[in-house]
Protein chains: 2
Amino acid sequence: MSVTINDIAKAANVSPSTVSRTIANNPRISKKTRERILKLMEEMNYHPNMIARSLANKSTKIIGVVVTGSTEKAFQHPFFPEILSGIASIAYKNKYKILISSVNSATEEKKVVTEFAKSGITSGIILLASRVKNPSVDELKQMKFPFVVVGRPESEREVNWVDNDNVCIGYDLTKHFIERGYKEIAFLGASPEFNVTLDRLEGYKKALQEHNIPIRDELIVNGKFVEDTGYALIQELIGRGIMPNAVIACDVLLAFGVIRYLNEKGMKVPDDIAVAGVNNVPLDEYFNPPLTSVDVNAFSLGAKAFELLLADMNKEYTSFDRAIVPAKLIVRKST
Amino acid sequence: MSVTINDIAKAANVSPSTVSRTIANNPRISKKTRERILKLMEEMNYHPNMIARSLANKSTKIIGVVVTGSTEKAFQHPFFPEILSGIASIAYKNKYKILISSVNSATEEKKVVTEFAKSGITSGIILLASRVKNPSVDELKQMKFPFVVVGRPESEREVNWVDNDNVCIGYDLTKHFIERGYKEIAFLGASPEFNVTLDRLEGYKKALQEHNIPIRDELIVNGKFVEDTGYALIQELIGRGIMPNAVIACDVLLAFGVIRYLNEKGMKVPDDIAVAGVNNVPLDEYFNPPLTSVDVNAFSLGAKAFELLLADMNKEYTSFDRAIVPAKLIVRKST
DNA sequence: TTTGTTTGTGCAACCGTTTGCTCACTTTCT
DNA sequence: AGAAAGTGAGCAAACGGTTGCACAAACAAA
């Protein structure tokens, strides 16, 4: 088997405690002993057993990242890799590892979250989907297990979270259209289960009101953050005889679906209908036409999320914290 | 703290062993006792401590996925989420968790791989970058630690691996161009450190030879799998006065870079230069123009990789195995 | 009744580390 | 010189499980 602390202890003629303390850099070990042991560890190619260490410590250097959405699709959303990079970059600096799990439903999410927390395998959790009602959040709160949610949760004062200012995003996009003379602006949201939809919608309405444009409920439709939905939603809208001259898609995939439909039907973007999305991805630029979108800065969202989590795990504060990551409207040819 | 096996044992008036055996579904426990204990576990909200269990078992239900590439960019390649989904979907079915780590260099990779293996935290590893020379592979082989590499490794007979038939991919793409009358076909590869470049190049040459088209070395250039490189490579090529009428890009990002350059310079794709990429992504379709590319079926690559790993961990075979995942040329308007 | 099986459970060692406490040996102070 | 303080290291119990072996009880066969 692998070489253990005991093997080192024997070879060095000391007790295992001494070796352990050497590893922990305990000042009670003399320089001479320490060096002798370190040398032996090197020679014998010793690597500490994290599992045993975790058991003794009752803590690990692993955090769990839980992605809720269709198992096969969740990772594929352009948002995911970027936020994961953000998490990973800070985790890496702090020598944390990342355990990821994708789940299909809120029920499964709760199961996974409970397992992560109770099994002792992770020391903290980042939740990547925030429904308005989220049983996992309640569960974690009640267990007092460190966690951060990405996306504003319901009980925003009692949990750590990071998000953009989604009201602002909705507002900015709408205003952008209004300023360019568009008035029939459709709003394609994701499911109203998510705060992100509600918040962006709020911003949308606010902008319309400020500019004295009536809010037309029939211009507001909801679906999911997948590409097919964008296609279906705009098709349905136009099928009902409702013809917007601008479309705000709450997600880049939604926007792609919309444009695909419009292209197929021979409608010109932005001449016939202007389209803007949220979640800037590198590819937006190559799009036909290049897509105006809001860069939500997913990398920072991830990085911030980990920072908050780290602080929570280290019990650096007793109250809850949040971070609002600035988003930026990037105007391209689609509007 | 959390409720343990001992708490259950006390409550049920049995020994911890009995509880442990109940969990393990050991047939030596009577039905009556089993049911009493299961009920208590439910009531007392017991969750097994994975760490303790792993320590006793000397194995975990966690596999490590190591991505080599720039830490901040590695996850962002469209290839990654898809392959990760593939891994995750099979892992999920087998109740495995996934620990991911991105590293910047072969040296770091080896460090992480060693840690994953020796620390006991993972029971198997999937390597997501296969250089021709890969010290991690040697390390893992020598430790006899279960692992699978995605991409054909150097010592292909002594490790488990999955890949496409890259010679075939190179061949098909080249043939596709030749059949459409293109003869000045440039080949943009990634670094020759990777077998994938070498194999596709081999296929490229083979196709040319079969059709009696001379191989012109100046049409063959290498870079990295990032978007900027595509731009730079084609710029350099054309700058040197070499004007291909078709370009094979070994990666979709490379292809995007090429097209960006061509668009900027006012060249028409495919009229002036035809472009094809590898690694079909959903967005290829929306591209301007829609990009001909080879779908490498990354999801299957991931799924197969996990299946092989699982078999290895379970010692289901003693020899090494491999899987070749079929790739498919998807012709769109860019060629 | 004795012997042999089968069945269900407990004992105790073990997995590899950590850590509170104890203790022997120095050093320093009075 | 004796006491107090400081230093370096070991003992043993924990962390929460698993498992080989022993063993008692129940039952069957002789």
Side-chain angles (χ1 to χ4, degrees), chain A residues 1-38 40-41 44-62 95 114-123, chain B residues 1-38 40-41 44-62 95 114-123:
Chain A
M1 280 299 145
S2 236
V3 26
T4 76
I5 219 176
N6 293 295
D7 302 327
I8 304 287
K10 265 177 212 153
N13 242 305
V14 295
S15 77
S17 347
T18 304
V19 179
S20 173
R21 290 196 171 101
T22 302
I23 295 168
N25 245 301
N26 186 311
R28 300 191 68 100
I29 304 296
S30 71
K31 202 175 169 190
K32 239 169 58 186
T33 316
R34 173 194 313 290
E35 278 168 4
R36 189 158 48 94
I37 292 177
L38 287 176
L40 272 170
M41 297 198 317
M44 300 173 65
N45 191 23
Y46 168 77
H47 285 260
N49 183 317
M50 288 303 296
I51 302 289
R53 184 184 285 209
S54 300
L55 182 58
N57 283 338
K58 286 167 151 293
S59 95
T60 67
K61 280 283 203 176
I62 301 179
K95 304 207 182 294
T114 310
E115 192 192 339
F116 274 9
K118 295 240 175 183
S119 73
I121 216 157
T122 60
S123 301
Chain B
M1 278 302 145
S2 236
V3 25
T4 76
I5 218 176
N6 293 295
D7 302 328
I8 303 288
K10 263 178 214 151
N13 242 305
V14 296
S15 78
S17 347
T18 303
V19 180
S20 173
R21 291 195 172 102
T22 302
I23 296 168
N25 244 299
N26 186 312
R28 301 190 66 102
I29 304 297
S30 70
K31 203 176 169 192
K32 239 169 60 187
T33 316
R34 175 195 312 291
E35 278 167 4
R36 190 158 49 96
I37 292 177
L38 286 176
L40 272 171
M41 295 199 317
M44 300 174 66
N45 191 24
Y46 168 79
H47 285 260
N49 183 317
M50 287 304 296
I51 302 289
R53 184 185 286 216
S54 300
L55 182 59
N57 285 337
K58 287 166 152 294
S59 95
T60 66
K61 279 283 203 176
I62 301 179
K95 306 211 180 291
T114 310
E115 192 192 341
F116 275 9
K118 296 240 173 183
S119 71
I121 216 158
T122 60
S123 300

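These numbers come from a predicted model, not from an experiment. Just so it is clear: chains get the letters A, B, ... in the order the sequence lines come, proteins before strands, and each one is counted from 1.
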A:S123 side chain vs A:T60 backbone, donor-acceptor pair below 3.5 Å: yes
Sugar-phosphate, base or nothing in reach of A:V19, heavy atoms under 4.0 Å: nothing
d(NZ, A:K10; P, C:dT17) in whole Å: 13 Å
Test item: B:R34 side-chain N/O and B:N26 main-chain N/O as donor-acceptor pair under 3.5 Å: yes
A:R53 side chain near A:I23 side chain, heavy-atom distance below 4.5 Å: yes
Nearest-neighbour nucleotide for the A:I5 side chain, C:dT9, C:dT18, D:dG10 considered: C:dT18
B:R34 CZ - C:dT7 C1' separation (whole Å): 13 Å
Donor-acceptor pair, side chain of A:S119 and main chain of A:E115, under 3.5 angstrom: yes
N/O donor-acceptor pair under 3.5 Å between B:T122 side chain and B:I62 backbone: no
Sugar-phosphate, base or nothing in reach of B:T18, heavy atoms under 4.0 Å: sugar-phosphate
B/S/- contact track for nucleotides 20-27 of chain C, protein heavy atom under 4.0 Å: BB------
N/O (side chain, A:S54) to phosphate O (OP1/OP2, D:dC15) under 4.0 Å: no
Closest to the A:Y46 side chain, choosing from C:dT17, D:dG17, C:dT9: C:dT17
Rounded distance in Å - CG (A:N49) to C1' (C:dG16): 6 Å
Contact nearer the 5' end of DNA chain C, comparing B:T33 with A:P48: B:T33
Interatomic distance, B:E35 CD vs C:dT9 P [rounded to whole Å]: 12 Å
Closest non-hydrogen atom pair, A:I8 against A:L40: CD1-O, 4.2 Å
Length of the CD1-P vector between B:I51 and D:dG16, whole Å: 12 Å
Sugar-phosphate only, base, or nothing, as touched by B:T4 at under 4.0 Å among non-hydrogen atoms: sugar-phosphate
Sugar-phosphate only, base, or nothing, as touched by B:N13 at under 4.0 Å among non-hydrogen atoms: sugar-phosphate
Among C:dT18, D:dG10, D:dG17, the one nearest B:A56 by side-chain distance: D:dG17
Sugar-phosphate, base or nothing in reach of B:L55, heavy atoms under 4.0 Å: base
Touch class at under 4.0 angstrom, heavy-atom based, for A:N6 against every strand present: base
Test log, rule side chain to side chain contact (heavy atoms under 4.5 Å, CB included), inputs A:Y46 and A:I5: CA-CA 8 Å; A:Y46 168 77; A:I5 219 176; 4.1 Å; yes
Nearest-angstrom distance from the residue atom CZ of A:R53 to C1' of D:dA14: 17 Å
Distance below 4.0 Å between A:K58 side-chain N/O and D:dG16 OP1 or OP2: yes
A:I8 CD1 to D:dA9 P, straight-line distance once rounded to whole Å: 16 Å
d(CG, B:N26; C1', D:dC21) in whole Å: 14 Å
Shortest non-hydrogen contact from A:V3 toward A:N45: CG1-O, 3.5 Å
